[in-house]
Amino acid sequence: TPLQFYFKSGPALDDFDGPFDYVVKPVGKNTFTKPIVILTNRKSYSAATFFPALMSAYPHVTIMGDTTGGGGGIPYHLELPNGWNFRLSTTITKDAQGRNIELGIPPDKLVSLDKEKANEGIDSVIEAALAHIKEETAPKPTQDE
């Protein structure tokens with residue numbers, strides 16, 4: 001099961017109902033199964049955490065970059081009498097490995113932006129993703145070779 005939701009159901013710290021499974025599965029005969037790389041970093045919040053959490057269940061998907069920022073729960077918005085607004089998560093969402101995605105999704109391959117190359121106009125994270133895809137799609141030697 002790629003994701004499981006636990007919904008807040010009462011005032012106590014551990015008052016949650018669930019788990020409720022959230023399953024995404026390929027549909028149809030034209031399913032894309034070639035290598036996919038999802039680029040993430042600490043500024044990837046909410047849906048940008050939710051998406052790699054779902055996709056990480058597939059063997060042809062690689063999460064690359066840095067851990068996402070988290071924020072995968074369903075937020076509750078509230079305005080205080082003084083006009084301040086705040087949001088808090090009303091769920092616990094766990095990925096296929098049982099990790100709470102509020103803390104972020106760690107990458108399969110940690111890759112940092114090389115600032116010197118960035119100054120030259122080269123994105124080292126995208127370059128690493130392209131190299132990974134080329135490696136994964138390169139013809140594999142047969143046993144006869």
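In this chain, residues are counted from 1 in sequence order. This one's a predicted model, so the numbers in the text were calculated from it and none came from an experiment.
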Considering non-hydrogen atoms only, spot the tightest contact between [X] and [Y] and give its length.
{"X": "Val125", "Y": "Leu113", "value": "CG2-N, 3.8 Å"}
{"X": "Leu39", "Y": "Ala129", "value": "CD2-CB, 3.9 Å"}
{"X": "Ser124", "Y": "Lys117", "value": "CB-CD, 4.4 Å"}
{"X": "Pro107", "Y": "Gly65", "value": "CG-O, 3.6 Å"}
{"X": "Arg42", "Y": "Asp66", "value": "CG-OD2, 3.7 Å"}
{"X": "Ala53", "Y": "Ile101", "value": "CB-CG2, 4.0 Å"}

Straight-line distance of [X] [atom1] to [Y] [atom2], nearest 0.5 Å:
{"X": "Ile122", "Y": "Asp114", "atom1": "CD1", "atom2": "CG", "result": "8.5 Å"}
{"X": "Tyr58", "Y": "Thr31", "atom1": "OH", "atom2": "OG1", "result": "9.0 Å"}
{"X": "Thr67", "Y": "Ile105", "atom1": "OG1", "atom2": "CD1", "result": "9.0 Å"}
{"X": "Ile92", "Y": "Gln4", "atom1": "CD1", "atom2": "CD", "result": "11.5 Å"}
{"X": "Lys109", "Y": "Thr62", "atom1": "NZ", "atom2": "OG1", "result": "6.0 Å"}

Do other residues, nucleotides or ligands put more than 12 heavy atoms under 6.0 Å from [X] [atom1]?
{"X": "Phe20", "atom1": "CZ", "result": "yes"}
{"X": "Arg87", "atom1": "CZ", "result": "no"}
{"X": "Glu79", "atom1": "CD", "result": "yes"}
{"X": "Asn119", "atom1": "CG", "result": "yes"}

Is there a continuous path of hydrophobic side-chain contacts, each under 4.5 Å between heavy atoms, that joins [X] to [Y]?
{"X": "Phe7", "Y": "Leu88", "result": "no"}
{"X": "Phe32", "Y": "Phe51", "result": "yes"}
{"X": "Leu54", "Y": "Tyr45", "result": "no"}

Between Thr49 and Thr68, a side-chain donor and acceptor under 3.5 Å
yes
What I want to check is whether the side chains of His60 and Lys34 have a donor and an acceptor closer together than 3.5 Å.
no
Do side-chain atoms of [X] reach the backbone of [Y] as a donor and acceptor pair under 3.5 angstrom?
{"X": "Asp21", "Y": "Val23", "result": "no"}
{"X": "Lys94", "Y": "Ala96", "result": "no"}
{"X": "Thr137", "Y": "Ile133", "result": "yes"}

Less than 4.5 Å apart, any side-chain heavy atom of [X] and any of [Y]?
{"X": "Met64", "Y": "Asp108", "answer": "no"}
{"X": "Leu78", "Y": "Asn85", "answer": "no"}
{"X": "Pro35", "Y": "Glu135", "answer": "no"}
{"X": "Leu3", "Y": "Phe50", "answer": "yes"}
{"X": "Ile36", "Y": "Ile38", "answer": "yes"}
{"X": "Asp15", "Y": "Pro11", "answer": "yes"}
{"X": "Thr91", "Y": "Ser89", "answer": "yes"}
{"X": "Tyr6", "Y": "Thr93", "answer": "no"}

Phe16 ring center within less than 6.0 Å of Phe5 ring center
no
